[in-house]
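Notes follow once the structure below has been shown.
What's counted below: heavy atoms across the whole structure, side chains too, no hydrogens, waters or symmetry copies. Chain letters run A, B, ... following the sequence lines, proteins first and then strands; every chain starts at 1.
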Number of protein chains: 4
Amino acid sequence: MFSYFRSMRTRDEQKVENIYNAAITLVNRDGFESASMSKIAKAANVSPATIYIYFDNKKDLLVKTYLKVKKEIASNVLTGIDVNQSVEKAFRSIWFNYYNSITAKTDYFNFAEQFANSPIINSVNNKEIDAYYELLISLFARGQQEGIIKNVHREILFTYGFFPMFTLLKMSKIEKFDLSDKNIDDAFQAAWDAIRA
Amino acid sequence: MFSYFRSMRTRDEQKVENIYNAAITLVNRDGFESASMSKIAKAANVSPATIYIYFDNKKDLLVKTYLKVKKEIASNVLTGIDVNQSVEKAFRSIWFNYYNSITAKTDYFNFAEQFANSPIINSVNNKEIDAYYELLISLFARGQQEGIIKNVHREILFTYGFFPMFTLLKMSKIEKFDLSDKNIDDAFQAAWDAIRA
Amino acid sequence: MFSYFRSMRTRDEQKVENIYNAAITLVNRDGFESASMSKIAKAANVSPATIYIYFDNKKDLLVKTYLKVKKEIASNVLTGIDVNQSVEKAFRSIWFNYYNSITAKTDYFNFAEQFANSPIINSVNNKEIDAYYELLISLFARGQQEGIIKNVHREILFTYGFFPMFTLLKMSKIEKFDLSDKNIDDAFQAAWDAIRA
Amino acid sequence: MFSYFRSMRTRDEQKVENIYNAAITLVNRDGFESASMSKIAKAANVSPATIYIYFDNKKDLLVKTYLKVKKEIASNVLTGIDVNQSVEKAFRSIWFNYYNSITAKTDYFNFAEQFANSPIINSVNNKEIDAYYELLISLFARGQQEGIIKNVHREILFTYGFFPMFTLLKMSKIEKFDLSDKNIDDAFQAAWDAIRA
DNA sequence: TATGAATGAGTTTTCATTCAT
DNA sequence: GATGAATGAAAACTCATTCAT
């Protein structure tokens, strides 16, 4: 309070960032629970005790890391989208934005996938993240009004429109699939065919 | 107890089965590492030491559980499929078989998803599982020859043809989606539209 | 269950006894919380993990140690008392039994005193211990009926009849008081004067 | 804050007082070591570092708190005693002063009891506190010369004269004893009977 | 084969204390 | 003097695994 009247060590945001990055790296490498607080601390170049200044406990650290990762991806995906262009064009822009975002940040993507498939996911309030996708929701709604997008449950559109991209990314990691331009274009076409009226 | 009345063989297999089921249940509930060997042992009504008679170590237990789960699902999916019917009809049969299999065994499905998204997956040789899907591979190949299925990378066909079903199942768990007949039919149609020529 | 039909390592009562003794010794030396589980384990010549086989947690260990100590003292105090002798003689026997018990086991006594004056005491159900003192209660009641003992609240009788003995024992530890025969006789006389009618 | 309106000296002493009170409250509630310096600091509304300006370390804080508590009680007990009245009347005055002091400040009393029964007590020089009780010592000495008080070791007089009061206070906390006027009068009578010639 | 006991190495977390301002 | 950040060391407790029977 009124910190300008007092002198003290100040909160070091770089340290927090280092902790986030260390958590992501180690969770991706060792798995969710083998990534111990000590290892994360060491990788972030801080004392284990320091993590507890910024996070309540391990779960809190992981949840906050997940939210950060999801927000950052969402923000990358939706930045610079022209909402007034045709639904098909907008979908294409977003789809490739998405694809580029997750291939640019595969560590973020891997962390989020591991997290979302583990039991911790149940302790996250998804509302906060959903807010980021309002733009997408309204785009699909417009497409349905215009008779361009299938008149089906919204989740089917999301699921066929975007998530197979994640699967293909994982397939490429185990060398079952290569992310050539042709393959990516084919994947986009399949997505579009799945959701268009 | 009552060991007089049972053959050695029978008793063993029941124990192994109990261990598998305990592992699946606890991993689903607590996550990979919170599901400790002692807890699994207790849930399976055996001593921790007994697990080590049947499995080399914890990793071995988890990997074998994963393989068992995957095989069981695959076998359910592909049983009773008439290979000679039209590609579209066969795809439809397999798709609904798949859907019915994973909804009937959601605990198997959840375990497999968590496993496949964690770093342990890297220590599994997928060849063994892939063998189960030879039938699907040749079905898609025939569809492509007949000009009915898109001429794209095989993984795109799998990814759009089947995996979104998993996502929708997860969505239904968090009550974002309901598995009504209409929704499932819509999902199937989206899958077919995505892969058909 | 039916352990004679099974073979396994059996519960080692000597180990439990060692743990109790180590806990008493270290708590007396270092205080309640500086007596760490690791130190207790080391002093008892077992692994820290072994303590957790026999006790739920540190609090459980301390509470059980306290109960053991109290029971052992109570049993020593009341053994061999002839209930039919005069109230004064019985009180004298018990008083000196008590005195001899706690001077013979000063470590038990010190542990109990420290415990009873710390907040943990609130988590102990005293009923169990009180049961041991039924004999004393009925002795005092008889004394009151016979007009030999003051007709005052039972706790006053206990408090003046026995507890000053503890204080004097503590005083002797810091060399403010010596436990000479005369002093002990004087102390007994003061106790008796305090409670007799 | 508001530092303009207060002298340095005043602000300091208030802080120290807050620290003392926080220490007493937390030690009574959580025990000696669970009352951590950080928690005490928070309860006292200061930084942990601030405590170290006034106290060398945790032990120093606890010892100084104990001495403060003991002095304050002693001073309350002995204030306003007329030394020239009869020994019996003076004893009665002091006894009830004592009783009123500790029932008015049960948190001080509890802290002192916990402290005095833990091993830290060994690092306190009791001489300083004893000085406060010179008046009592000389009163008992006069009583012995006058043949009114038993000719026994001084500690027996203290122990039976005053300390049972503490035990009864503790008993009342666990609802084994109620501090009714009659009970307190009975307790006083027992004390007097124990020490009078 | 099967067991419950046992454990060293590890976990998360908190502590008393110091640092930098 | 006063602060919140920072930390090495240690706490309680758990784990995967082995032992002894």
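- With hydrogens and angles left out, the side-chain atoms of C:N57 and C:Y52 include no donor and acceptor closer than 3.5 Å.
- The local environment of NZ in D:K71 is crowded, with over 12 non-hydrogen atoms from other residues, nucleotides or ligands closer than 6.0 Å.
- Atoms CE (A:M37) and C1' (E:dC15) sit 16 Å apart, rounded to a whole Å.
- Nucleotide E:dT12 holds its C1' atom 13 Å from the NZ atom of A:K39, rounded to whole Å.
- Using a 3.5 Å distance cut-off with no hydrogens or angles, the side chains of A:E17 and A:N21 do not pair a donor with an acceptor.
- A perpendicular orientation is assigned to the rings of D:F32 and D:F111, their planes being inclined by more than 60° (bins at 30° and 60°).
- Residue A:I40 contributes atom CD1, which lies 11 Å from atom P of E:dT11 at whole-angstrom precision.
- Between the C1' atom of E:dT3 and the CZ atom of C:R11 lies a distance of 16 Å, rounded to the nearest Å.
- Between B:S38 and F:dC15 there is no side-chain N or O to OP1 or OP2 distance below 4.0 Å.
- Annotation: proximity of residues 47-59 of chain C to DNA chain F (heavy atom, distance under 4.0 Å) is found for C:A49, C:Y52, C:N57, C:K58, numbered in ascending order.
- For the residue pair C:N110 / C:K173, a side-chain donor-acceptor distance below 3.5 Å is found, with atom types taken as modelled.
- Contact annotation: B:K15 side-chain N/O to E:dA2 OP1/OP2 distance is under 4.0 Å.
- Atom CG in D:L61 sits about 15 Å away from atom P in E:dC15, given to the nearest Å.
- Pairing analysis of DNA chain E (Watson-Crick: purine N1 to pyrimidine N3 plus N6-O4 or O6-N4; G-U wobble: N1-O2 and O6-N3; both under 3.5 Å) yields stems of 3 or more pairs at E:2-21 with F:2-21.
- Put simply, CG on A:D30 is 14 Å from C1' on E:dG10, counting in whole angstrom units.
- Qualifying side-chain hydrogen bond (donor to acceptor under 3.5 Å, both in side chains) partners for B:K42, counting only residues two or more places apart in sequence or in other chains: none.
- Distance, A:D60 CG to E:dT13 C1': 14 Å, rounded to whole Å.
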